[in-house]
Structures are given as C-alpha cells and as structure tokens.
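In what follows, a single structure is set out as structure tokens and then discussed.
Just so it is clear, the values below take in all heavy atoms, side chains as well, and ignore hydrogens, waters and symmetry mates.
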Protein chains: 2
Amino acid sequence: MSPEKQFIKNYNASDYEVPLTTVDMAIFSIIDQQLHVLLLKRDALPEKDKLALPGGFIDLKNDNDLEETALRKLYEKTGVELPYLEQVESIGNGSRDPRGWSVTILYFALIDITKINKKLLSNTDWHPMEESEKLSLAFDHNILLQKAIKRLRSKTLYTALPIALLPKKFTLTELQTIFEIILDKKLPVKSFRRRVVDAKVVVGTDETKISGKRFAQLFKSTGIDKDFHFPRPLQD
Amino acid sequence: MSPEKQFIKNYNASDYEVPLTTVDMAIFSIIDQQLHVLLLKRDALPEKDKLALPGGFIDLKNDNDLEETALRKLYEKTGVELPYLEQVESIGNGSRDPRGWSVTILYFALIDITKINKKLLSNTDWHPMEESEKLSLAFDHNILLQKAIKRLRSKTLYTALPIALLPKKFTLTELQTIFEIILDKKLPVKSFRRRVVDAKVVVGTDETKISGKRFAQLFKSTGIDKDFHFPRPLQD
DNA sequence: CGAATAGTGTCTTTTAGACACTATCGG
DNA sequence: CCGATAGTGTCTAAAAGACACTATTCG
C-alpha cells in the first residue's frame, strides 16, 4: 500500500476539531406585489420557536456538493426544482451558534411563486421583507438576511436577475414592477424597456395579455449568459 | 437550568458528521512587472510535495472568525498585516479531498511586494500566474486559483482595486501598468487617467518622481469607499 | 369621450474610446 | 535637437434619464 493510501486509511476526520458547518438560504418570492422571504419556526433547540432562514447540515452521504445541499433544502420546503440559486457568502465565527464555532454557507434563491407546492407550507411561512427586517430571527439570521437582500438589490441594479421571480412569459410592465419592488423606487419607463430589449435579455412573443385597461405584449427571457450585466447600472 | 442551557451543555459537536472545513488563499503580488501568486510545497500527506495555495484548518481556540483565520495564515507566510482581503467563494464536495467531504472558504489577497518579510519565504514560492495556471496543483487548487483570478480580473474592470498592489505613492503610469498586467491588455492612457482622477479614487500629491525619462507626478489613494465602482466598466 | 394603461420619439447628460497634440527630461 | 516618457484637448460613441407624445382599450 502506498504511503498516500495508508495515510488516508488511517485518517479519522474527527481527529481534528472542526467547526459545525451548515448551509442557510434566503428564499425570495413576490407575493401580492411585495417581496417575501421564507422563514420557518425552529422546532428544535437551540433557539426553539424562533423564526429562522431554512437551512441545516450537509448530508455527507447524499449531497455531492454544497449546491446540492442548498437545492435539497429548497426542494424539501417548496417543491421547486429549478430555482435561481447563488452563493452569497460564508460566515463563520465562535459566537454565532451556542453549540460552538460554526460556519454557514449562505445562498439566496429566487422562485416564481406559482411554482410552489402549497401543501408543504403554511401561508404564514412567507414574510414580507419589510416586516422580516424588524423581526428578531434565530442566531445571526438577521445579518444573513441583510447580506442576501443586499446582494439581490445590487444585482438588480446591473443584471436582469429578477426575471427569475416571474413565470416564463410576462409583460414588460410586470417586469419593471418587480424591479421597482426590489429597489423600492420608481424607474423611468422608456429607459427600462430600451435597456432590456436592446440588450436582448428578453424577446417579444406574438402573444398579448389583457391585464389592466389594454393589451400588453408578452415577452420571455432569452436565457442570456448567467453573468451578463448591462454596460451601466440603473441609477442608484 | 433552562432547557436551552441544558441542551447546550449536553451537546457534543461530534455527534453529527460534519465536513472538514478549511480556509485557502490566493495571495497575489506584482513582481518584476508580472502578476505572481504564492504557492507552497505541501510538506505533509495527503498530496505531499505538490504545490498548493496557502491555507489550512481554522484554529477554533484563537481565530474569532473566518477572516482572522485568513489573516493569520497570510501573516504567517508573508509578515504582511494589512492586505486587501476578500472572500471569493466556498467550495464543498465529497471528492475534492481524499480525507472525505470537505469545504474550503476561498479568499484572495493583494499585497504590495515591498511589504513582504523576505525571511519567511524563499524566492521560489512566488510563481508567475501564467506558469501557475499550467502547473498541477494539489487537490482542486487549480480550480480555486482560476476562481480567484477571475474575481480579481472582474473587479479590475470596474473598481480601482489594484491600487492595493502598489506602495502608498505611485505614478498614474505605474497604476495603469498593473491594470494592464492583470487584464493582459493595453488601455487608452487618456481614459484611464480621466477615470481615476475624475472619480477621485486617487489624488495628486505635490511630489514627483523621475522613473524613466522625465518626472511624473505621484498620486495616492483616497481610500475611497470599499465597494465603490466606476459608472461603466473598462471595455472588455 | 375620458381615464387608465401600454408604448414611442427625441433631446440631453454622462462617461468611455480614439487619436492627434503638447510638455519635459536626459544625452 | 532627438527620443522617450508624461500628460492634455477635443471629437465621437454608447447608453441612461427626462419628458412630452401617441396608441389602445374599457366603460
């Protein structure tokens, strides 16, 4: 047996003190024209009964990588299989969890609310962002939520990411509205439309929809390159 | 004793199977007009004798958070106390380390080569990026290095980050040159100077320097907001 | 027709690239 | 004065904001 193989054979992971490592998620969706985040009441100690971001331990047997852990948690809670998923940051220190030094890898996800499996959740699990920021969440989850929303807002300024919150086909007014919800400010109509159409992040379909007073053309995502960004950000 | 305290007392971190968690770093510096990265030959199994990014386990007793782990490793190797340091991403899966499921939190750092404590390193520890990308590094460190350099290049397109690679005072030509080294392309002189001066990321001092044929004005960083970025990126 | 929503025309502003030009030094 | 490096003047181009305008539908 080679020294390398011999070493691995004798290696016992618990010989070293390692931190507790978990994956946490900020799952966003638009409900009733408001940005909502999924928060669950913890049913175990520590911090039992407090609201927390969904998350938990990596399943070393079944998760092939960190993203699979995140996708599994998200699927367990929402039934959604293909969210937009992005790693935000890892936070690790000796004080964030009373059980000891712990690291969490924070993800954020965007899902189209129409794709959620409602049997898995109660209505009270979705919290408007505005209220969530005032709640006292478990552990350091207020900080995690702030980091996730900051990333979402920042990406909304220079990408077309919020498309992931809408169904396949949508009107440009609908798209603009969710940008305005996320950024909490009005955007100029002409610039917005020119921006997304000229950059070919969306294309018109031949279908229209009568939402309010008159028809509106339906557009769909072109599934543009994942790290596309506009030449200039929206004005801050 | 409250149920919460009772629970913590009885809690034993090793009851759960957790991944091996480490911090790895890509430490960049400019040497002889080339971008270099610090690589160390591993002196222990596994992957003994292969080149690897500096990194290792979190010291649960002494490191207060992940950033301290990164700073400690960097200080141990280079003697530099105030690098530019940024978390890139965490990579975790069951196959990147033969010892089992492992997670690494990847950081990148930029340091001014004149600040390095040369006693700690041999000359052969710094490798030009161009060569490093062709080497076979330990574990998945080739991938980690690619992710770090990609982040550095991307930030160089829309921030003034490479200032961190230079001493306190520098000429605009020197600054432009390191941008060109990182991006591996020439930049238009007029645009470059206008960009950094108009945005006030640098200000002129009253000192000059005779580097080549004639004097050049020395500039210094204004220590602008850490997440400042220019309205438009450099053309790609 | 009027109110409401969808959508456009076009002028200005900002900031980057192009490129020819001037400035200052050593030899 | 020449060559090299530092640095500027100014035109053009791209893409965003401002804002007045037209278009379509319902009642």
Side-chain angles (χ1 to χ4, degrees), chain A residues 33 154-160 162 166 169-181 183 185-220 224 228-236, chain B residues 33 154-160 162 166 169-181 183 185-220 224 228-236:
Chain A
Q33 302 281 74
S154 150
K155 285 216 142 186
T156 300
L157 288 174
Y158 60 91
T159 73
L166 288 176
K169 291 176 185 172
F170 47 84
T171 69
L172 291 189
T173 302
E174 287 167 348
L175 184 60
Q176 179 167 350
T177 301
I178 59 162
F179 271 70
E180 292 173 343
I181 291 168
L183 297 175
K185 62 183 285 241
K186 284 280 170 191
L187 298 174
V189 179
K190 176 67 186 188
S191 295
F192 184 84
R193 304 173 77 89
R194 191 175 41 197
R195 188 175 159 95
V196 295
V197 173
D198 289 2
K200 297 193 177 66
V201 301
V202 298
V203 281
T205 67
D206 50 11
E207 294 170 71
T208 57
K209 173 178 170 180
I210 305 154
S211 45
K213 283 283 177 180
R214 61 169 275 200
F215 73 86
Q217 190 180 7
L218 285 168
F219 287 74
K220 62 181 180 187
I224 202 166
F228 164 81
H229 59 273
F230 293 102
R232 296 198 226 175
L234 291 168
Q235 113 182 156
D236 220 338
Chain B
Q33 304 280 73
S154 149
K155 286 217 140 184
T156 300
L157 288 174
Y158 61 91
T159 74
L166 289 176
K169 291 177 185 172
F170 46 83
T171 69
L172 291 189
T173 302
E174 286 167 348
L175 185 59
Q176 178 167 350
T177 301
I178 61 163
F179 271 70
E180 292 174 344
I181 290 168
L183 297 176
K185 65 184 283 251
K186 283 281 170 192
L187 298 174
V189 179
K190 176 68 184 188
S191 296
F192 184 82
R193 305 173 76 90
R194 191 176 40 198
R195 187 175 160 95
V196 295
V197 173
D198 289 2
K200 299 193 177 64
V201 301
V202 297
V203 281
T205 67
D206 50 10
E207 294 170 71
T208 57
K209 172 179 169 179
I210 305 154
S211 46
K213 284 285 176 179
R214 62 168 274 202
F215 74 85
Q217 190 181 6
L218 284 168
F219 286 75
K220 63 180 180 188
I224 202 166
F228 163 81
H229 59 273
F230 293 102
R232 296 198 226 173
L234 291 169
Q235 112 184 156
D236 220 339

In whole angstrom, what separates A:Leu218's CG from C:dA6's P?
-> 12 Å
To the nearest angstrom, the CG-P distance between A:Leu234 and D:dA16 comes to 8 Å
Classify the angle between the aromatic ring planes of B:Tyr158 and B:His229 as parallel (below 30°), tilted (30 to 60°) or perpendicular (above 60°).
-> perpendicular
Looking at side-chain heavy atoms only, is the closest gap between B:Phe230 and B:Val201 below 4.5 Å?
-> yes
Verify the ring-centre separation between A:Phe179 and A:Phe192: is it less than 6.0 angstrom?
-> yes
Above 12 or not: heavy atoms from other molecules or residues under 6.0 Å from NZ of A:Lys220?
-> no
Side-chain heavy-atom pair A:Leu175, A:Thr171 within 4.5 angstrom cut-off | no
Would you mind telling me which of D:dA15, C:dG17, D:dA6 lies closest to the side-chain atoms of A:Arg232?
-> D:dA15
In whole Å, what is the span from the CD1 atom of B:Ile210 to the P atom of C:dA23?
-> 20 Å
What residues in residues 189-197 of chain B put a non-hydrogen atom under 4.0 Å from any atom of DNA chain C?
-> B:Lys190, B:Ser191, B:Arg194, B:Arg195
Rounded interatomic separation in angstrom, taking CD from A:Gln176 and P from D:dG17 | 11 Å
Atom CZ of A:Phe230 to atom P of D:dG17: distance rounded to whole Å?
-> 11 Å
Pairwise 5' ranking along DNA chain D for A:Gln235 and B:Leu172, keeping only the more 5' one | B:Leu172
With the side chain defined as heavy atoms from C-beta on, A:Lys213 is closest, among D:dA18, D:dC26, C:dG7, to D:dC26
Below 4.5 Å, heavy atoms only, C-beta onward: do B:Gln235 and B:Leu157 meet side chain to side chain?
-> no
Hey, which of these two, A:Phe215 or B:Thr173, hits DNA chain D nearer its 5' end, going by closest nucleotide?
-> B:Thr173
Check the distance between C:dG7's C1' and A:Asp198's CG and give it to me in whole angstrom.
-> 14 Å
For A:Lys185 and D:dA16, give me the distance from atom NZ to atom P, rounded to whole Å.
-> 13 Å
Has the side chain of A:Arg214 got a donor or acceptor that lies under 3.5 Å from a partner of the other kind on the base of C:dA4?
-> no
side-chain hydrogen bond (donor to acceptor under 3.5 Å, both in side chains) involving B:Glu207 - partner list, sequence neighbours excluded = B:Lys169
Rounding to a whole Å, what distance do you find between B:Leu157:CG and C:dG17:C1'?
-> 15 Å
